[in-house]
Each structure stands twice: as C-alpha cells, then as structure tokens.
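Working notes, structure below.
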Amino acid sequence: MSAYKRRDFLKLSSLSALPLIASAVPFKAFAIENNRSLSKDSEAVYFINDGIFYRPEDFISKLQEINTAAPIERDSYGQGGAIEKLLKKFIEITGKEAAVYMPTGTLANQLAISVLCGDNTKAFVQETSHVYRDEADASQTLFNKRLIPLGEGKAHFTVEELKKSVNYHKEGEVFVAGVGAISIETPVRRCDNQAFPLDEIKKISAYCKENGYKMHLDGARLHMATAFTNSTVKEYASYFDTVYMCLYKYLGATGGAVLCGDKEVINQMHHLIKIHGGGIFSNWPSAAVALHHLNVIDETMEKVKIKSKDLFNQFNQLKGIKVSSIENGTNQFNVLLDKGIDPVKLNSRLRGEHTIVFGLPQKDGFVKIKVNATLLRRDNKLILDSFKEAIAFAKV
C-alpha cells in the first residue's frame, strides 16, 4: 500500500477521515454512495478540490467548445501548436525568458533543483513540501542531491532558520559540499494550503542572491496564493530562478506541468526530459483546456474569493455550522459542525439532493473545505438554502 500513499489524499478528500465516524453508517455503503457519479456534474459545487476536475464526458464537451471557438492545433513532443501558445502565456505571466512542458510536477521540481544546484549537492526545502515528502526521494536516488528539511510540520521557514542551517552544515562537516538551491512550495497542501509569507520569501531571496544560491518555486497552486495574498504570479516569480506550475489542479487539464526560467536553464531541460522518459508525443488536449482556464484564472479566483467571503458570512449566521479562516490561508477553510448534526447524513443529503460535495470531520474535528471555480456555478442564496435544508435533515 505504501506506493499509493501519495494519492490517498485525493481519494479521501471527498470522504475526509471516514474512520472517525465509521460507526455511524456501514463504510461500504457510504463509500459507494459518495463515489457515485453525480447526475449533473457540470452543475455541481465541490468543496473538496482546488479546481474543476472534469469527468471524461465534461472534458470532451469543454474541448469541443474550445475547438469550435478556435481550432486547436496539435503539438509534437511538447513543441508547437497548443503547447506553444500555452508556454507563451506562462512566459507572459511569470516574466521569465522561457518555458517548457513536462508530464508531471515531480519531474519539473526534480529537474529544476538538479540543474540549479549544478555540482553542488545541498538543497534546502520545507519539511512539509511535496519535494521532500511526496517525490519518492528522487533528489537523492536519481540526482545525487541532498535535501535538507526546514520548518518541520510548518508551512514555512524563516531566513534566520535558513542561515542557521546553512552555517550548521558548513561548520559541522569535515568535507563540506556546496549549497546549490533553496526550494519553496506555496501554498502547502500538507499544511491546509497555507501560503509561505511573501515578506519572508523576499528576505530569503535577498539572502540567496548575496550568497549565490539559486531558488526554485513549486507553484503547483500558485494562483491560490496570488488571489488570497493580493499579489501576482509575476511578483512571486521575480524572487525565484525557476517556477513550476501545474496544469490540472485548477486549470482543468488531465495532467501536465510547465517549468519557467532563464533560457540558459530551460534549454537544458529538453534533453533531460527525454532521457528520463518524459517525452510525450502529443499533449494538445490538456494544453488547450489549461490555456482556456489560464486566460481567465485571475478573474475567476478573485470572483471565488469575494463570493466565498459572502457565503461564509451567511453560513456563520446559521445554527449548527461555523466557518473559520486559516492563518496565512488561501482557498481552504475550517468548518465546525454542531454535535447535533450527523455529518454523514449531511454529506449524503447535500450530494444526493443538492449536487453539493462537502466533506467529513477530520482528526481535529474540522471539515476541511476548499473553494474553487465550481462555486461560481450557483447563486449564494441557493447554496445557503441547500445547506439549511440539509442541516435540518441531518439533525439527530
């Protein structure tokens, strides 16, 4: 089972810590109910994802819509056609010189860190980051890079913590290997999508420039950070040498990643992608859908932010449910349900009668919800009325 732990959170995101309340309803029956396809998925509101996760039929429909507006052009091994248009857009929004398509974020992160480090072997990362916790020790086993974790259990570390760790390793080792790169992820999935404070990023960037250390940004969910910290992708990117951004977490693609940076760095990636088996013949379906959403993502996220604030203010006036923000939070929130509400019945009712996918309490007692573009599918009053009815139904 260990090989599948990386994706457990995807499977559990709609079930949200079932073991805590498994006694309330047979597990098998609940799992079957909650994995059933919604009859009107294109109208459903999801509080469990960072973006729209299209079902096959909805993805095909969206692709046809895009193609009707402007015929989609094929790419060849990540070059030309729809991919070229997508890369140009990423260059524009990041302010970097070049960009390259990759099949996965893991490959983008690992190749970026390896190239930025060069002959230096040390790379400093968040202990909670995807690079450190979810990429199968690729830095060590494939690229001979030593990841040194900082900020255990936290979403971020400080420049002082970085300085202290760098000095500790320099002074405490007989044969000192060089520091190559610092990798930062924001927001951090393992920490409730908390953002790495931008002010701290600025300090770390200044320190790294003074000492010749390179910086990589794992920006898989970067548009979440920009929306909720009132910043831009270009500002974040300005403090880093390379930036990776995901194509499926909220851009609707079936997969894929884009890495942006200086031409000197990005030009090295094409060969590295090939030798690591990442050269995919044709990528136009994901590129076309991702570009479609990327063109309006800032406006979309701003609408989501404003709409969710209004909705949660109204939620907090209801009896039985309270929504609270997370420190340095982005699109994830904590929801506390009164003990007099059966969370399983609430979820079943919301999904079955109102096509709203919510979640169940986790170990800390909170339901962890996320806001995304599906929130824009329905008026807040209709969502509020749905919760009122479902809460009344779920009372015990």
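We count residues from 1, following the sequence as given. Model, not experiment: these values are computed from the prediction. Side chains included, hydrogens not; waters and symmetry mates left out as well; all remaining heavy atoms used.
- Judged by distance alone, with hydrogens and angles left aside, the side-chain atoms of Ser165 form no donor-acceptor pair with the main-chain N or O of Leu162 at under 3.5 Å.
- Counting only distance, with no hydrogens or angles, the side chain of Asn193 and the backbone of Gln332 share no donor-acceptor pair below 3.5 Å.
- Using bins of under 30°, 30° to 60° and over 60° for the plane-to-plane angle, the ring pair Phe333/Phe228 lands in the perpendicular bin.
- Of all heavy-atom pairs between Lys370 and Asn372, the closest is O-ND2, 3.9 Å.
- In this structure, the side chain of Ser61 does not engage the main chain of Glu57 through any donor-acceptor pair within 3.5 Å.
- One N or O on the side chain of Arg377 and one on the backbone of Ser42 form a donor-acceptor pair closer than 3.5 Å.
- The pair Lys164-Glu161 does not count as a salt bridge, with every side-chain nitrogen at least 4.0 angstrom from each carboxylate oxygen.
- Within a 6.0 Å sphere centred on CD of Glu173, other residues, nucleotides and ligands contribute more than 12 heavy atoms.
- The backbone N or O of Ala288 lies less than 3.5 Å from no partner atom in the side chain of His292, so there is not a single donor-acceptor pair.
- A salt bridge is defined here as a Lys NZ or Arg NE, NH1 or NH2 lying under 4.0 Å from an Asp or Glu carboxylate O, and Asp199 with Lys203 fails to meet this definition.
- No side-chain donor from either of Thr330 and Gln194 sits under 3.5 Å from a side-chain acceptor of the other.
- Using a 3.5 Å distance cut-off with no hydrogens or angles, the side chains of Asn211 and Lys163 do not pair a donor with an acceptor.
- Between Leu346 and Ile391, the shortest heavy-atom distance links the atoms CD1-N, 3.8 Å.
- The closest donor-acceptor contact from the side chain of Asn67 to the backbone of Leu63 lies at 3.5 Å or more, if one exists at all.
- Ring geometry, Phe47 versus Phe358: the interplanar angle exceeds 60°, so the pair is classed perpendicular (tilted spans 30 to 60°).
- Salt bridge status for Glu127 with Lys154: absent, with no side-chain N to carboxylate O gap under 4.0 Å.
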Determine, step by step, whether Leu375 and Val45 satisfy the side chain to side chain contact (heavy atoms under 4.5 Å, CB included) criterion, reporting the C-alpha distance in whole Å, the side-chain angles of both residues, the deciding distance to 0.1 Å, and the verdict. CA-CA 6 Å; Leu375 191 64; Val45 175; 4.2 Å; yes

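- Ion pairing of Lys88 with Glu84 is present here, as a side-chain N (NZ or NE/NH1/NH2) and a carboxylate O approach within less than 4.0 Å.
- Using a 4.0 Å cut-off between charged side-chain N and carboxylate O, Asp342 and Lys395 make no salt bridge.
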Show the numbers, then the answer: is there a salt bridge (Lys or Arg N to Asp or Glu O under 4.0 Å) between Lys85 and Glu73? CA-CA 10 Å; Lys85 293 178 181 178; Glu73 299 175 28; 3.7 Å; yes

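- Side-chain contact of Glu135 with His130: a donor-acceptor pair under 3.5 Å is present, judged by distance alone.
- For His216 and Phe240, the distance between ring centers is not under 6.0 angstrom.
- Listed for the Ser348 side chain is no donor-acceptor partner under 3.5 Å among the backbone atoms of Lys345.
- Under a 4.0 Å N-O distance rule, the pair Asp262/Lys96 does not qualify as a salt bridge.
- For residues 313-328, the set of pairs meeting the salt bridge (Lys or Arg N to Asp or Glu O under 4.0 Å) definition, not counting sequence neighbours, is empty.
- A salt bridge is defined here as a Lys NZ or Arg NE, NH1 or NH2 lying under 4.0 Å from an Asp or Glu carboxylate O, and Glu185 with Arg133 fails to meet this definition.
- Side-chain contact between Cys260 and Met245 is absent, with no heavy-atom pair separated by less than 4.5 Å.
- Between Phe196 and the choices Ile184, Asp218, Thr229, the side chain to side chain contact (heavy atoms under 4.5 Å, CB included) rule is met once, by Ile184.
- Annotation: side chain to side chain contact (heavy atoms under 4.5 Å, CB included) contacts of Ser114 (sequence neighbours excluded): Phe143, Lys145.
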What verdict does the salt bridge (Lys or Arg N to Asp or Glu O under 4.0 Å) test give for Asp385 and Lys381, after you've listed the backbone C-alpha separation in whole Å, the side-chain angles of each residue and the deciding distance to 0.1 Å? CA-CA 6 Å; Asp385 288 344; Lys381 185 181 183 304; 2.9 Å; yes

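- Of the possible donor and acceptor atoms, none in the side chain of Tyr236 sits under 3.5 Å from a partner among the backbone N and O of Ser231.
- Screening Tyr101, Trp284, Phe281 for a side chain to side chain contact (heavy atoms under 4.5 Å, CB included) with Asp75, the sole residue that qualifies is Trp284.
- Ion pairing between a basic and an acidic side chain is recognised when a charged N comes within 4.0 Å of a carboxylate O; Lys249 and Asp50 show no such pairing.
- Using a cutoff of 4.0 Å between basic side-chain nitrogens and carboxylate oxygens, Lys307 and Asp310 are not scored as salt-bridged.
- By the 4.5 Å heavy-atom criterion applied to side chains, His276 and Leu111 are counted as neighbours.
- Side-chain N or O atoms of Asn347 include one that pairs as donor or acceptor with a backbone N or O of Pro343 at under 3.5 Å.
- Taking a cutoff of 4.0 Å between a charged side-chain nitrogen and a carboxylate oxygen, Glu389 and Arg349 qualify as a salt bridge.
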